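Notes follow the structure.
In this text the structure is predicted, and so the values were computed from the model without any measurement. Hydrogens, waters and symmetry mates are skipped; everything else that's a heavy atom, side chains included, is used. Sequence positions, counted from 1, serve as the residue numbers for this chain.
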Amino acid sequence: MAALWILVASFLFSLMGAAVKLASSEYSVAEIVFYRGLVGIILLYFFIRHQGGRLRTGHLGGHLWRGSIGVVSLWMWFYAATKLPLATAVTLNYMSPIWTAVAVIAFAWWQGGQRIALPLLAAIGVSFGGVILALRPAFEAQQWFGALMALLSGVLAAVAYTMVRRLSRAGEPEYRVVFYFLAVNIAAGLAGSLLPGGSPDGAAWHAHSPRGAALLLFIGASGVFAQMALTRAWRTGKVLVVANLQYTGIVFSSVWGILIWHDVFDWHVWLGMGLILASSIAATFYNTVTEKRAAAAASAGVDQ
């Protein structure tokens with residue numbers, strides 16, 4: 001079931017990304033973040049009431065930290081999705097295993113005596129080679145800032161996923177994790193809309209058209225169901241399976257980009273995306289195997 005949940009989440013997130021890109025012609029990123037949280041939290045509240053769930057938690061600090069990091073990552077990704085082809089933005093955002101590998105190697109280097117894992121080093125090198133190829137059109141079109149936002153979003157997403165797993169292991173149900181995340185979305189979107197310069201045209205809020213309102217409702221609904229599915233997949237599934245199946249989002253996003261915006265990529269971009277995908281899967285596999293070995297060694301030490 002975890003494999004099914006992550007496939008559902010990837011599909012819904014890809015649809016949400018397409019809707020965000022469409023809605024960006026009528027709303028600022030801050031407004032989209034706000035309405036995504038507002039619509040999602042209303043739907044989720046009725047779900048919680050129906051299921052008899054509770055919102056009281058003993059891990060409020062953990063939820064707020066996860067929500068803060070997550071909403072900054074979301075904001076950056078929304079911005080990148082409005083500036084880059086959807087498939088490119090999604091691919092860069094899904095580089096979290098590579099950033100985890102960078103952190104592992106940096107830690108090993110800092111410790112001095114630890115051996116640097118050559119497979120991780122190779123995965124990082126291949127991945128950044130893929131980034132250069134995939135972003136070639138973006139840099140030619142002066143879209144480097146959107147590309148930077150997508151890359152940084154992936155860094156923060158890696159941290160946020162780690163915090164989600166910790167909250168889940170602490171016994172927090174997925175609906176509670178998502179609820180507090182959406183609450184932070186509302187606060188951040190509201191603050192961003194009211195700050196000077198929050199919108200390119202200077203307007204804090206924009207009037208709703210039928211098309212715009214429908215897109216915002218869809219973004220909120222698809223986002224909350226995708227977040228629920230993702231959280232459940234991480235809580236119940238094997239890390240290796242969940243982490244690798246989430247890359248189907250790149251495939252879904254490529255399809256929407258071709259069908260809606262008629263995106264056409266040359267072989268450099270496809271090769272770059274393929275290298276990023278392959279190296280991220282390899283890094284995920286290596287990190288997971290290493291963690292299992294370390295846990296087994298620690299357990300054996302305790303038993304002795």
Side-chain angles (χ1 to χ4, degrees), residues 2-3 5-18 20-21 69-70 72-104 120 123-135 138 146-165 222-223 226-227 229-231 233-234 237 239-258 263 265 269-288:
W5 283 122
I6 194 62
L7 287 173
V8 170
S10 296
F11 181 73
L12 290 176
F13 274 132
S14 71
L15 286 174
M16 184 189 74
V20 167
K21 193 171 181 68
I69 293 172
V72 174
S73 173
L74 181 75
W75 199 302
M76 290 178 171
W77 187 77
F78 278 6
Y79 177 85
T82 65
K83 302 299 181 182
L84 301 173
L86 186 61
T88 304
V90 171
T91 302
L92 296 176
N93 180 252
Y94 277 18
M95 284 180 61
S96 50
I98 297 300
W99 301 122
T100 302
V102 170
V104 168
L120 284 183
I124 292 171
V126 170
S127 179
F128 283 110
V131 169
I132 293 173
L133 290 171
L135 289 183
L148 178 62
M149 290 297 100
L151 288 169
L152 291 177
S153 173
V155 175
L156 294 179
V159 179
Y161 288 147
T162 301
M163 300 181 77
V164 167
R165 293 190 66 201
S222 61
Q227 200 74 46
L230 178 69
T231 305
W234 279 109
V239 175
L240 192 59
V241 174
V242 172
N244 286 333
L245 282 179
Q246 72 177 349
Y247 292 114
T248 55
I250 297 175
V251 179
F252 295 138
S253 298
S254 299
V255 172
W256 308 142
I258 293 170
D263 290 338
F265 300 129
V269 177
W270 289 118
L271 177 59
M273 291 168 61
L275 291 175
I276 293 171
L277 178 59
S279 58
S280 296
I281 291 175
T284 301
F285 178 79
Y286 186 87
N287 286 331
T288 304

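Taking both residues in full, the closest heavy atoms of Ala87 and Met273 are given as CB-CE, 3.8 Å, listed atom of the first, atom of the second, then distance. Closest non-hydrogen pair, Leu86 versus Ser14, comes out as CD2-O, 4.2 Å. Residues Trp77 and Phe13 come closest through the heavy atom pair CH2-O, 4.5 Å. Considering all non-hydrogen atoms of both residues, Gln246 and Tyr94 come closest at O-CE2, 2.9 Å. Ala9 and Leu230 get closest at one heavy-atom pair: CB-N, 3.7 Å. Summarising the geometry of Met149 relative to Met76, their closest heavy-atom pair is O-CB, 3.5 Å, with the distance given to 0.1 Å.
The structure places NZ of Lys21 at 7.0 Å from CG of Leu84, a figure rounded to the nearest 0.5 Å. With rounding to the nearest 0.5 Å, the separation of CG in Leu12 from CG in Leu7 is 11.0 Å. Residue Ser127 holds its OG atom at 10.0 Å from CD1 of Ile132, rounded to the nearest 0.5 Å. Put simply, CD1 on Ile281 and CG on Leu277 are 4.0 Å apart, with the number rounded to the nearest 0.5 Å. Taking OH of Tyr79 as the start and CG of Leu148 as the end, the distance is 10.0 Å to the nearest 0.5 Å. The OG atom of Ser253 sits 10.5 Å away from the CZ atom of Phe11 when rounded to the nearest 0.5 Å.
Contact check for Leu92 versus Leu135: side-chain heavy atoms found under the 4.5 Å cut-off. In this structure the side chain of Ile69 never reaches within 4.5 angstrom of the side chain of Ser73, judged on heavy atoms. Counting only heavy atoms from C-beta outward, the side chains of Val155 and Leu151 never approach each other to under 4.5 Å.
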Exercise for the section: Report the C-alpha distance between Val159 and Trp99 in whole Å, list the side-chain angles of each, state the deciding distance to 0.1 Å, and finish with yes or no for side chain to side chain contact (heavy atoms under 4.5 Å, CB included). Expected result: CA-CA 10 Å; Val159 179; Trp99 301 122; over 6 Å; no
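With sequence neighbours excluded, the residues satisfying side-chain contact (heavy atoms from CB on, under 4.5 Å) with Phe78 are Met16, Val20, Val29, Ile32, Val33, Leu74.
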